[in-house]
Amino acid sequence: MTELSHVDAEGRARMVDVSAKADTARVAVAAGALHTTPEVVKLVQADDLPKADVLTTARIAGIAGAKKTSELIPLCHQLALSSVQVHFGFTEDTITIEARAKTKGPTGVEMEALTAVAVAGLTLHDMVKAVDPAAVLNGVRLLTKDGGKHGHWERAADSGDAAAKSDAAHRHSPSHPHPEAHNTIPTEGSRSAVVVVASTSTAAGTRVDKTGPVLAQWLTERGFSVRGPLVYADADIADGLADALDGEPGLVITTGGTGASPTDATPEATLAVLDRELPGVAEAIRLRGTATFPLAALSRGVAGLSGRTVIVNLPGSPGGVRDGMAVLDPLLDHLLAQVAGGGSHE
């Protein structure tokens with residue numbers, strides 16, 4: 001049994017001395033869910049509750065909670081947080097919450113991420129209780145952590161984890177949470193993936209995205225640890241890609257923003273971060289689409305490599321995403337193995 005670091009030799013609680021530990025970059029991601037009614041979910045999306053601006057208030061509360069963690073949890077260290085992000089998503093009867101905390105220091109930020117989720121969730125409960133006093137906050141859990149001597153850790157999928165199940169098919173606005181996490185090889189990022197949705201209307205809460213959750217579920221079923229869908233307005237898609245690439249995942253798949261309208265900017269934002277293109281992948285996706293839908297030829301989506309991360313643009317339609325998955329399904333394992341240095345087959 002692992003010895004508990006917060007208990008001394010006499011069984012008394014103590015604050016661990018971390019002064020001898022080296023400062024390293026540390027990141028933790030936590031998630032949770034507020035289960036409520038479909039009516040409340042729609043009211044929150046439309047910002048039509050008696051207490052207005054629900055998500056902004058809960059987001060700010062979550063960030064403030066992370067910053068106060070050492071005051072709330074007695075044995076936690078004070079940390080200089082470099083970033084705290086809180087994001088929300090929706091299923092029919094659930095508001096999902098994800099928090100991502102970063103620091104550079106001698107100890108981890110797991111408790112900061114968990115506290116951000118808990119405080120954001122409690123704030124959501126406070127904001128919706130006039131309509132649904134029976135709302136339930138549950139499933140507050142750590143998804144991933146990075147940094148320190150133990151490196152990367154991810155929560156294993158658990159078929160009995162009801163909260164994880166509730167996350168598996170959600171959409172996210174204005175940026176993520178996390179379907180069920182799966183174990184991956186700790187030294188490789190190739191089995192980690194991020195889904196990014198470029199949609200101004202979805203980011204504004206006026207449209208329900210039907211592409212990102214499908215992609216996230218598909219990748220999860222293929223053994224990927226998935227972050228997202230992250231939802232960004234078309235004008236902000238460059239920020240969405242920067243967010244997705246933070247942490248150097250093995251794969252980033254975007255949907256939307258690939259057409260010819262003046263606001264479609266996903267290909268340009270993607271090209272700006274690519275080191276090398278994979279034109280055959282993008283062309284194969286277009287060809288498969290045009291076989292049944294001639295307008296698929298108008299997609300300007302690109303694919304390529306940003307460092308060791310594969311990025312693929314897919315159209316913003318369910319049919320375009322299905323075509324993309326069909327093309328990628330036989331390619332992904334070999335492509336990711338090549339990028340990770342696993343050789344190639346001529």
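No hydrogens, no waters, no symmetry mates; every other heavy atom, side chains included, goes into these values.
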Asks: Evaluate the side-chain proximity of Arg222 to Leu332: yes if any heavy-atom separation is below 4.5 Å, no if none is.
Replies: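 Yes, at least one pair of side-chain atoms sits under 4.5 Å.
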Asks: Going from CD on Gln78 to OG1 on Thr69, what distance comes out if it is rounded to the nearest 0.5 angstrom?
Replies: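 Gln78 atom CD to Thr69 atom OG1 measures 11.0 Å (nearest 0.5 Å).
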Asks: When you measure from the side chain of Arg286 to the backbone N and O of Leu298, does any donor-acceptor pair fall under 3.5 Å?
Replies: no
Asks: Using a 6.0 Å cut-off, check whether atom CD of Glu268 has over 12 heavy atoms from anything other than its own residue.
Replies: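 Count over threshold, so yes.
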Asks: Does one side chain, of Ser261 or Thr263, offer a donor that lies under 3.5 Å from an acceptor on the other?
Replies: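 Yes, side-chain donor-acceptor contact under 3.5 Å.
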Asks: Report yes if some heavy atom in the side chain of His125 is under 4.5 Å from a heavy atom in the side chain of Leu34; otherwise report no.
Replies: yes
Asks: Which heavy atom of Thr266 sits nearest a heavy atom of Ala198, and at what distance?
Replies: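 So the two residues come closest at OG1-CB, 3.5 Å.
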Asks: Using the side chain to side chain contact (heavy atoms under 4.5 Å, CB included) rule, pick out the option among Val310, Leu335, Val281 that qualifies with Leu328.
Replies: Val281
Asks: Please confirm whether the backbone N or O of Lys104 pairs with a side-chain atom of Arg26, one donor and one acceptor, at under 3.5 Å?
Replies: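 Side chain of Arg26 to backbone of Lys104, a donor-acceptor pair under 3.5 Å: no, none is there.
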Asks: Can you hop from Ile60 to Val128 via hydrophobic side chains spaced under 4.5 Å?
Replies: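 Looking at the clustering, Val128 is in a separate group from Ile60.
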Asks: With the side chain counted from C-beta on, respond yes when Ile97 and Leu137 share a heavy-atom pair under 4.5 Å apart, and no when they do not.
Replies: yes
Asks: When rounded to the nearest 0.5 angstrom, what is the spacing between CG in Asp329 and CG in Leu331?
Replies: 8.5 Å
Asks: Is there a side chain to side chain contact (heavy atoms under 4.5 Å, CB included) between Val119 and Lys68? Walk through the geometry before answering.
Replies: CA-CA 10 Å; Val119 173; Lys68 293 284 188 180; over 6 Å; no
Asks: Output yes when a side-chain donor or acceptor of Thr206 lies under 3.5 Å from a complementary backbone atom of Ser201, and no otherwise.
Replies: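 Yes; at least one donor-acceptor contact below 3.5 Å.
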Asks: Can Ser199 and Asp209 be counted as having a side-chain donor-acceptor contact under 3.5 angstrom?
Replies: no
Asks: Kindly say whether Ile285 contributes a backbone atom to a donor-acceptor pair with the side chain of Asp323 at under 3.5 angstrom?
Replies: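 No, Asp323 side chain to Ile285 backbone: no donor-acceptor pair under 3.5 Å.
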Asks: Would you kindly say whether Asn313 and Thr270 are connected by a side-chain donor-acceptor distance under 3.5 Å?
Replies: yes
Asks: Please confirm whether the backbone N or O of Lys102 pairs with a side-chain atom of Ser82, one donor and one acceptor, at under 3.5 Å?
Replies: yes
Asks: Between His35 and Asn138, is there a side-chain heavy-atom distance shorter than 4.5 Å?
Replies: yes
Asks: Under the 3.5 angstrom rule, does the side chain of Thr200 hit a backbone N or O of Asp234 as a donor-acceptor pair?
Replies: yes
